[in-house]
Amino acid sequence: MTDFTAKPRLTRAEHGRPAAPERIIHLGVGNFTRAHQAWYTEHAPDADEWGIAAFTGRSRRMVDNLDPQGDVYTLITSAPEGDSFEVISSLSSVHAGGDVAALRHRFADPSIAIVTSTVTEAGYMRDHNGDLDTANELVAADLKALADDPNVETLNTIPAKIVSGLLARRAADAGAITILPCDNLPGNGQAFRRVVEQAIEAVDPTLLDWANDHVAWASSMVDRITPATTDDDRETVAEQEGWYDAAPVRTEPFLEWVIAGDFPKGRPAWDEAGATITDDVAPYERRKLWMLNGSHTTLAYVGPLFGYESVAEAIQDPTLREWVNEWWGLAGSYLSIPADEYREKLLERFSNPRIHHHLMQIAADGSQKIPVRIVPAAKRALADGNSFCPAARAIAAWILFLRRFGDDGAKDVDLATVKTLADAHGEHATRDVVAYLDKDLAADERFVNAVDVQIEAVSAAAAAAGSATD
């Protein structure tokens with residue numbers, strides 16, 4: 001490997017365009033955002049009017065990487081036949097997620113029109129009923145801190161940060177704002193609204209009337225496979241473009257964004273960059289969540305058991321490809337929009353050898369993902385008398401994955417609990433895992449038995465492939 005750091009540093013002055021005025025706040029900036037929402041904003045014809053003030057999650061690594069570059073970065077679009085490169089300049093500033101003062105300052109700016117987010121399902125801080133998890137210590141501490149002091153400097157949870165920002169916006173009389181979540185949750189706008197409004201009620205109920213008049217809650221479906229950045233990506237940029245970029249992003253050619261909602265202070269012309277503006281995101285949402293994310297979830301848990309590291313590797317295995325096709329058959333049968341062409345495109349995308357989408361990355365937070373990606377199709381199949389084996393297999397694979405990797409690489413917002421459930425043996429062990437995901441499924445003896453059968457089947461198949469599962 002060459003010393004890519006020896007190349008001249010990528011900078012906005014040399015390679016990007018001037019920073020646009022900040023009119024969008026983004027929470028949770030990472031690789032996906034930079035390959036997706038930032039791309040759409042970059043390619044909108046009015047991009048020079050719509051800058052993004054981006055905030056990281058808990059880590060400030062993105063700030064440290066992008067600040068010396070003027071917050072521009074290289075997007076590598078990897079088609080099977082080769083790579084193409086472009087510099088994305090739509091991030092006008094990048095801030096540490098813990099900089100609540102900077103966030104509050106931007107909420108108070110009347111120029112800000114939109115707040116977008118990619119904070120994952122876990123970032124909503126929901127309990128199993130979809131309500132704000134006030135039993136969570138971080139949530140409880142944030143709510144108390146905000147109630148005591150609306151200008152508190154430290155907050156750890158996203159709903160509390162939104163409430164803090166809205167308090168600042170009301171105080172500044174900064175007018176209307178649209179909140180547009182871009183997370184893989186069905187009805188993400190309403191799901192986000194629910195927890196934020198519950199946080200408002202706990203902190204300052206008088207804010208609720210103001211929010212009802214001034215906050216528009218939009219929803220969206222987002223789709224673009226975007227792996228984590230590697231040194232190979234940095235080296236590729238250095239060799240092909242001649243500069244050192246500390247934070248390039250590699251992504252696939254395919255992308256999709258479907259948006260529903262009102263934008264009282266305007267929005268970029270995302271539709272002219274290819275986004276779909278509609279009155280109903282739900283059909284697209286279900287197609288993506290069940291078909292792409294559901295099959296990703298299955299591969300993320302069975303793939304490592306078979307010894308595979310990436311989606312592209314796993315989908316080449318005949319057994320795993322058959323399992324994915326069975327899942328697509330089940331999930332696709334419950335969609336209200338056509339799925340055949342999308343299914344063919346998914347197989348092409350998964351097989352792209354230039355996209356190294358790591359299975360362990362996808363496997364994170366299964367406790368949050370399985371209820372929205374796998375459970376809905378399972379319940380429909382049970383109700384209709386159709387085969388629910390692919391759904392039972394996905395949950396069985398998760399159990400085996402937790403047993404094998406729970407102490408060595410698995411990540412989950414509730415890891416201690418789900419690892420304990422997965423490790424348990426006995427008459428009700430499998431039922432207890434299923435009940436954690438969905439109580440209705442756990443009440444159906446047919447489904448619990450099917451998960452038990454699939455635990456044995458997946459374990460045997462993985463062992464035959466040469467990988468131990470226990």
Is the closest side-chain heavy-atom distance between [X] and [Y] below 4.5 Å?
X: Pro181; Y: Val119; answer: no
X: Leu299; Y: Ile362; answer: no
X: Asp67; Y: Val94; answer: no
X: Gln37; Y: Ile24; answer: no
X: Leu185; Y: Phe192; answer: no
X: Trp39; Y: Leu255; answer: yes
X: Ile25; Y: Phe107; answer: yes
X: Trp50; Y: Ser90; answer: no

Would you tell me whether [X] and [Y] have side-chain atoms, one donor and one acceptor, within less than 3.5 Å of each other?
X: Gln69; Y: Asp245; value: yes
X: Asn184; Y: Lys288; value: yes
X: His26; Y: Thr116; value: yes
X: Glu309; Y: His357; value: no
X: Thr297; Y: Arg373; value: yes
X: Thr206; Y: Arg170; value: yes
X: Thr298; Y: His296; value: no

Do any N or O atoms from the side chain of [X] and from the backbone of [Y] form a donor-acceptor pair under 3.5 angstrom?
X: Thr226; Y: Phe32; value: no
X: Asp46; Y: Pro268; value: no
X: Asp183; Y: Glu121; value: no
X: Arg380; Y: Pro376; value: yes
X: Asp233; Y: Thr230; value: yes
X: Ser84; Y: Ser78; value: no
X: Thr118; Y: Gly28; value: yes
X: Thr56; Y: Gly97; value: yes
X: Arg23; Y: Ile112; value: no
X: Arg287; Y: Leu335; value: no

Can you tell whether the side chains of [X] and [Y] come within less than 4.0 Å, N to carboxylate O?
X: Glu42; Y: Arg34; value: no
X: Glu22; Y: Arg106; value: yes
X: Asp83; Y: Arg250; value: yes
X: Asp407; Y: Arg403; value: no
X: Asp440; Y: Lys379; value: yes
X: Arg349; Y: Asp223; value: yes

Subject >> Test side chain to side chain contact (heavy atoms under 4.5 Å, CB included) applied to Tyr124 and Gln368, step by step >> reply: CA-CA 10 Å; Tyr124 286 47; Gln368 307 296 302; over 6 Å; no
Heavy atoms of other groups near [X] [atom1], more than 12 under 6.0 Å:
X: His214; atom1: NE2; answer: yes
X: Asp173; atom1: CG; answer: no
X: Arg17; atom1: CZ; answer: yes
X: Asp127; atom1: CG; answer: yes

Subject >> Cationic tip of Arg234 above Tyr244 ring, under 6.0 Å, 45° of axis >> reply: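 Judged by the rule (NZ or CZ under 6.0 Å from the ring centre, within 45° of its axis), Arg234 is not positioned above Tyr244.
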Subject >> Cation-pi geometry met for Arg286 and Tyr334 (6.0 Å, 45°) >> reply: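 Verdict for Tyr334: no cation-pi partner in Arg286.
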Residues 147-155 side chain polar contacts: donor-acceptor under 3.5 Å, at least two apart:
| from | atom 1 | to | atom 2 | distance (Å) |
| --- | --- | --- | --- | --- |
| Asp148 | OD2 | Lys144 | NZ | 2.9 |
| Asp149 | OD1 | Asn151 | N | 2.9 |

**OP:** State which residues pass side-chain contact (heavy atoms from CB on, under 4.5 Å) with Arg194; sequence neighbours excluded, sorted by chain then number.
**Re:**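 Once residues adjacent in sequence are excluded, the partners of Arg194 under the side-chain contact (heavy atoms from CB on, under 4.5 Å) criterion are Asp131, Gln198.
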Heavy-atom pair of closest approach, residues [X] and [Y]:
X: Gly123; Y: Ile158; answer: O-CB, 3.6 Å
X: Pro227; Y: Asn31; answer: O-ND2, 3.1 Å
X: Asp142; Y: Ala160; answer: CB-CB, 3.6 Å
X: Ala218; Y: Leu180; answer: CB-CD1, 3.6 Å
X: Asp262; Y: Thr178; answer: O-OG1, 2.8 Å
X: Ala238; Y: Lys7; answer: O-CE, 3.7 Å

Point-to-point distance, once rounded to the nearest 0.5 Å, from [atom1] of [X] to [atom2] of [Y]:
X: Thr276; Y: Tyr284; atom1: OG1; atom2: OH; result: 5.5 Å
X: Lys345; Y: Glu252; atom1: NZ; atom2: CD; result: 9.0 Å
X: Ile179; Y: Ser117; atom1: CD1; atom2: OG; result: 8.5 Å
X: Tyr40; Y: Arg267; atom1: OH; atom2: CZ; result: 12.5 Å
X: Leu166; Y: Glu197; atom1: CG; atom2: CD; result: 10.0 Å

**OP:** Please test Ile76 against Val249 for side chain to side chain contact (heavy atoms under 4.5 Å, CB included), starting from the C-alpha separation and ending with a verdict.
**Re:** CA-CA 6 Å; Ile76 312 166; Val249 183; over 6 Å; no
Original post:
Sequence neighbours excluded, which residues qualify as salt bridge (charged side-chain N to carboxylate O under 4.0 Å, His left out) partners of Asp99?
Top reply: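 Salt bridge (charged side-chain N to carboxylate O under 4.0 Å, His left out) check on Asp99 returns nothing, list empty.
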Over 60° means perpendicular and under 30° means parallel, so classify the ring planes of [Y] and [X], tilted if in between.
X: Tyr436; Y: His128; result: perpendicular
X: Trp257; Y: His36; result: perpendicular
X: His15; Y: Trp243; result: tilted

**OP:** Walk me through it: do Leu421 and Thr417 pass the test side chain to side chain contact (heavy atoms under 4.5 Å, CB included)?
**Re:** CA-CA 6 Å; Leu421 288 170; Thr417 299; 4.2 Å; yes
Original post:
Yes or no on side chain to side chain contact (heavy atoms under 4.5 Å, CB included) for Leu402 and Leu415, after CA distance, side-chain angles and deciding distance?
Top reply: CA-CA 9 Å; Leu402 289 170; Leu415 182 60; 4.1 Å; yes
